[in-house]
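Heads up: the structure comes next, in structure tokens.
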Amino acid sequence: MQTLNERTKLSNPKAINSLEKNSRDNYLYNREGPWPQPSPRDPKGEAPAVLRLPRQEKESWKKEIGKRYMKNMWTYWPKALKYSIKHKGLSKIDDLEFNDLLTKGVFSKFLSKGITPQKKKIFEAVFPFDYNKGDYYVIDLSLMSFTKPFEGIFASGTIILFEKIDNNLKAQFIYVDEYENDKIVNPSSESDLWEMAKVFAMQGAAYKLILSEHALLHFPFDCINAISKSSLPINSILLQLLLPHFEHTLVLNKVVLNSTASPVENNQKFPYSGFLGDGDGQRSLVACAYSGIDGNDNYNGYNYSKEIEKFDSPYYTFLLEYYKVIKNFVSNVVQIIDEEEMQLIAEWAKYINQWIPTFSNGEKIMNKETLIEEASMIIWDVSVAHSADHYSFAQIPSYLIPLRVRIDPKSVGNKLVNWKKGMKINDMFRYRMEREMFFKPTNVSTLHDTKYRFDKVRYSKETRTYLEELNTIFLNDLVQLENKLKSKEIPSYIPLKEIARSIQY
Ligand SMILES: [Fe+2]
């Protein structure tokens, strides 16, 4: 990272105007901006929602994003159809690819180290070895038990137990909740039982990512987005630091959560509705992440945290490296903020804390280190973490992560699996339409060219120039980081130029 020693660090930041905190003109939308409220669908199971949105934001979303949905819907279908015909039926996944996809890429976020008492109970009957001595990991996809598949479509809760061997995680057992007899299978089990266990696990991984874990990157940040826009003056540094990272998101999230045309609702009259069943089932997966699952120690409910959750995979290392660069930039910017603005930031944090109780409160945020961590988490989450999820997911061939499976798990082991009938062309067609419109990243504005409007802050010309220099250094640091990661051979989970600066899809 380029340090500030190479330039003259600004020793005396100077505000030349007051924050004018009582002037409505100095707030976005004349201080009649958005604000959170309890989720109308599920006040306890979903994050607070922001429903009353400024006209300007709605218009901009329609122009930049809504239009694209319509275009995709009418023009992408020949490609979707071609892919669906080519990959007709249900595909098997080989063991090596299964292990790599679940433990090295975006799904590795689900890994938990060690065997908890609840998992021990499930697996102890088949444990041929002393699990205290080995290096074990679990991915728990039990949430699939909460889906409500349409007639003829199936899913099953699965739990995968991995062992670390020569630094690679290898799936040793899969627990398949819907299997009739032997619910725990391993690579030596009868072929269909093991092959289908992997298919149900990959299906579960897709749903856990799209509807459960990824939702946590989206929705809790709506509160922060709305409260920042409505409570921070336009000439404050914090608002200008965060604003580029709030573009398009409120409208997008409202549409996803509340529109009857939302892919989550899965209304079959829309060609992009590719999920396995009823909208309530999809929404219950969102609730699994927020409220947890009773009696399951891998689903303990969500608590907002300003710290990145650590997991053991190169995907984490990749995300962490970006976090460090963002934090360095945020840290230098926050140092400039004066006492008058800090008082206002305390109010900002107090408002957010009322909706997200684990967000630092008004008192704690007065420590600049805390403010740096909170602001870095916001920027990192909605840019790098969010885009990397979408990009990595879109890199995985759709036929390896099915959304619909037409093999009844209860029949597996009793009769031969008919792989050709395991997924219809129409199932894959809908999936590919949905992927193109909603899963695959389509950027409106990107992180690598973000220009913060520090020219609007109430500081001296020298201070504003300094803030603009920090902006330039930040963008250079991002480029340098990408080069550094390449030389270290850390997989590039998303090219820098593909990282959106806000949640836009
Ligand atoms: Fe997203």
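Whatever order the structure lists them in is the order used to number ligands and atoms, beginning at 1.
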Enumerate the residue pairs fulfilling salt bridge (charged side-chain N to carboxylate O under 4.0 Å, His left out) with a member in [range], sequence neighbours excluded, ordered by first and then second residue.
range            : answer
residues 283-303 : Glu46-Arg283, Lys119-Asp297, Glu265-Arg283
residues 391-403 : none
residues 86-104  : Asp95-Lys198, Asp100-Lys104

Close side-chain approach of Ser231 to Glu347, heavy-atom, < 4.5 Å =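 Not in contact.
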Beyond-backbone contact of Trp355 with Pro38, side-chain heavy atoms, under 4.5 angstrom =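 With C-beta onward as the side chain, the pair touches.
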Between Asn266 and Asp278, is any side-chain donor less than 3.5 angstrom from a side-chain acceptor?
->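 No pair is found: no donor N or O on one side chain lies under 3.5 Å from an acceptor on the other.
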Closer than 2.8 Å to the Fe ion (ligand 1), how many protein N/O/S atoms do you count?
->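 That number is 5, waters not included.
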